[in-house]
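Both counts, for ligands and for their atoms, begin at 1 and track the order of listing.
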Amino acid sequence: MIHKHDLIIVGAGLAGLRAAVETSKYADVGVISKLFPTRSHSGAAQGGIAAALGNEEHDTVEWHVFDSVKGSDYLGDQDAIEMMCGEAPDAIYELEHLGVPFSRTKDGKIAQRQFGGHTKEIFDENGNSKRIPVLRACYSADRTGHVILHTLYEQCVKSNVRFYSEYFILSLIMDEGVCKGLTAFNIRDGQIHTFHAKAVMFGTGGYGRAYRVTSNAYANSGDGVAIAFRAGIPLEDMEFVQFHPTGLYPLGILVTEGARGEGGFLVNKDGERFMKNYAPTVMELAPRDMVTRSIQTEINEGRGIDGKDFVNLDLTHLGEAKLKERLPEITGFAKTYAGIDPVKQPIPILPTAHYSMGGIPTNLFGNVLADEKGNIVKGFFAAGECACVSVHGANRLGTNSLLDAVVHGRRTGKTIVKYLRDAEFGTLPANAEEKDIEKFKKLYATTSGENADKIRVRLKEEMTNKCGVFRNEKDLLSMLDTIHELKEKYKNVHMMHKGKVFNTELQEIIELGNMLEYSDAIVTGALARQECRGAHWRIDHPKRDDVNWLKHTIAFKTEKGIELKYKPVKILKYQPQERKY
Ligand SMILES: Cc1cc2nc3c(=O)[nH]c(=O)nc-3n(C[C@H](O)[C@H](O)[C@H](O)COP(=O)(O)OP(=O)(O)OC[C@H]3O[C@@H](n4cnc5c(N)ncnc54)[C@H](O)[C@@H]3O)c2cc1C
């Protein structure tokens, strides 16, 4: 079956829906999502969305820019960061006007809280400049993503966006370098459909599911990133995977940084607030990469609680009323998943794979880039976590990613509206669905072969152990061997369940193929990058190396394997300095 829309957006998270709100005023828009839209991972975002509104105390866009550049360990492109932070206040007020119920200050303004790495400049008695945490994250209790997602969804329904919920996309349709649509299957009945469009936009989210310990939803299997890679589009900075400091032990379910923003302490087995040894000025509110490494070091050196793989996040001093008002969601999570009442007991936490800084390369306008030189792919756009603009560089600051999704979703929408003015449908290449139909036939015909579960468990386990918080050449080489071995096995994977209706095994097998595809790019990039920068920490190359590595990785899929090229970082005002907090 063929569906035709001016624009097909894949992904109903904040990036996809914000672009849909922007474009649906002018064009016929279809949104495809493998989940019901409001189940997208954006809805799980707890802590907040950054903007220098200055509602609670003085703040400036310039400070937000500086913090984001420094937080990115100087790998973020400064033109993109300036643009994101500059557009942030307007984007937030726009959300407010669309109906997002933000928490409020006493005088009715949007309330703001502290988050790691977001600072203001003060001067001590000797006139020396010093940076301390600032109230910059706009929030709605600890359900910020949820309320924004629901509001945007309502706006899309209002403007007649056509939703294809529970459709799973398989491949892009490229014709002589131009994107003309895509193929997808309907999860409800296993039928393959073709979507023909003048423009396609990906807002397909992150790739944290390649790790065993992760805060990501099951859906975050990085499909869009892998599908673009397979279609000949390169991937940027894939080695930069953020590990959030506070995942609930042992699964890694997120405990928002907002908990530390509200005053939570991190303590080791001796009851010591160990962050004083790592980031004495901002303590628990250092950027994520630093807090994560500090926790992992405490655990590795035997100072985990009872010698185990976790430390404690103590919120007991905040009191029941504050926890109820500001952190109700995570209070509930701790009770449900760990049997802990945070009012009375500390929460056991460990670092958890959380955010994908890398992804599909785009320019500031949401055009997908075909190479390291900046040439664009006609008809193809991307925004949100699947894209790499790059505003987060080597380490994203908390609350900057909802912002990235909203600001770039909106910008990309505007670019697409302009593009659609002269764009045409063109003709689809013959048999656009053929490859996917063959793939499905092959899976349905299997009677024996490799077990997908075993492949998945091994990939996730080894990615966590060998390509996690601390990395070294030996482990990365071994991880690469594992991936190549698992990719071979995957070619003979056996699908046991042959049903057509909601065949979740089929879906999981396709997701596994995608995970193997981009994990190769993560590890290949990590092996090549012989330095420590942001979230990428090579214990065998323990320093940041600006002479050789102040550059973006651009990975290409070739017949001989992954080929890496590089492109320079855009540096404007802020020259790289040592990152101390
Ligand atoms: C637990 C948690 C808490 C977070 N808290 C915060 C926070 O407080 N502040 C902050 O700034 N950031 C936070 N983040 C990060 C932030 O939520 C995400 O980066 C952001 O929401 C991503 O939005 P998105 O629109 O790019 O993708 P998502 O919201 O992940 O949406 C992806 C969409 O793509 C669709 N999709 C994917 N693959 C396919 C396919 N094959 N076929 C069809 N559809 C597909 C999915 O159905 C979904 O609709 C948090 C992340 C997590 C995991």
If we only count heavy atoms from C-beta on, is the [X] to [Y] side-chain gap below 4.5 Å?
X	Y	answer
Q46	Y139	no
I9	I416	no
R18	H408	no
T352	Y211	no
P101	T151	yes
L506	Y444	yes
F381	V200	no
D289	Q242	no

Taking distance alone, with no angle check, do [X] and ligand 1 share an N/O pair under 3.5 Å?
X	answer
S215	no
I169	yes
A44	no
L14	yes
A12	yes
K34	yes
D223	yes
G384	no
G16	no
G48	yes

Determine whether the side chains of [X] and [Y] contain a donor N or O and an acceptor N or O closer than 3.5 Å.
X	Y	answer
H244	S215	no
D142	T256	no
H392	D404	yes

Please find out if less than 6.0 Å separates the ring center of [X] from that of [Y].
X	Y	answer
F202	F380	yes
H196	H3	no
H5	F195	no
F440	F185	yes

Nearest non-hydrogen contact with [atom] belongs to which option: [options]?
atom	options	result
atom 26 (O) of ligand 1	H354, R39, H244, E385	E385
atom 23 (O) of ligand 1	G11, S42, A19, S40	S42
atom 6 (C) of ligand 1	A45, A219, G43	A45

Any non-hydrogen atom of [X] lying under 4.0 Å from ligand 1?
X	result
G203	yes
E166	no
T256	no
T144	no

Exam field: side chain R212 to backbone L459, donor-acceptor pair closer than 3.5 Å: no
Short side-chain to backbone donor-acceptor contact, Q112 and A51, under 3.5 Å: yes
Under-4.0 Å heavy-atom contact with ligand 1, by part of [X] that carries it:
X	result
N400	backbone
R396	side chain
Y167	backbone
L402	both

Checking a contact table here: which protein heavy atom is nearest [atom], and how many Å away?
atom	value
atom 37 (C) of ligand 1	T204 O, 3.3 Å
atom 3 (C) of ligand 1	L254 CD2, 3.2 Å
atom 47 (O) of ligand 1	S33 OG, 2.8 Å
atom 27 (O) of ligand 1	G205 CA, 3.4 Å
atom 2 (C) of ligand 1	H41 NE2, 3.4 Å
atom 13 (C) of ligand 1	S401 OG, 3.7 Å
atom 8 (O) of ligand 1	G47 N, 2.8 Å

At less than 4.0 angstrom from any non-hydrogen atom of [X], what atoms of ligand 1 do you find?
X	value
Y355	19 (O)
F168	41 (N), 42 (N)
Q46	5 (N), 8 (O)
T399	9 (N), 10 (C), 11 (O)
L35	47 (O)
N216	53 (C)

Exceeds 12 heavy-atom contacts within 6.0 angstrom, atom OH of Y218: no
Which atom of M201 lies closest to which atom of A19, heavy atoms considered: SD-CB, 3.4 Å
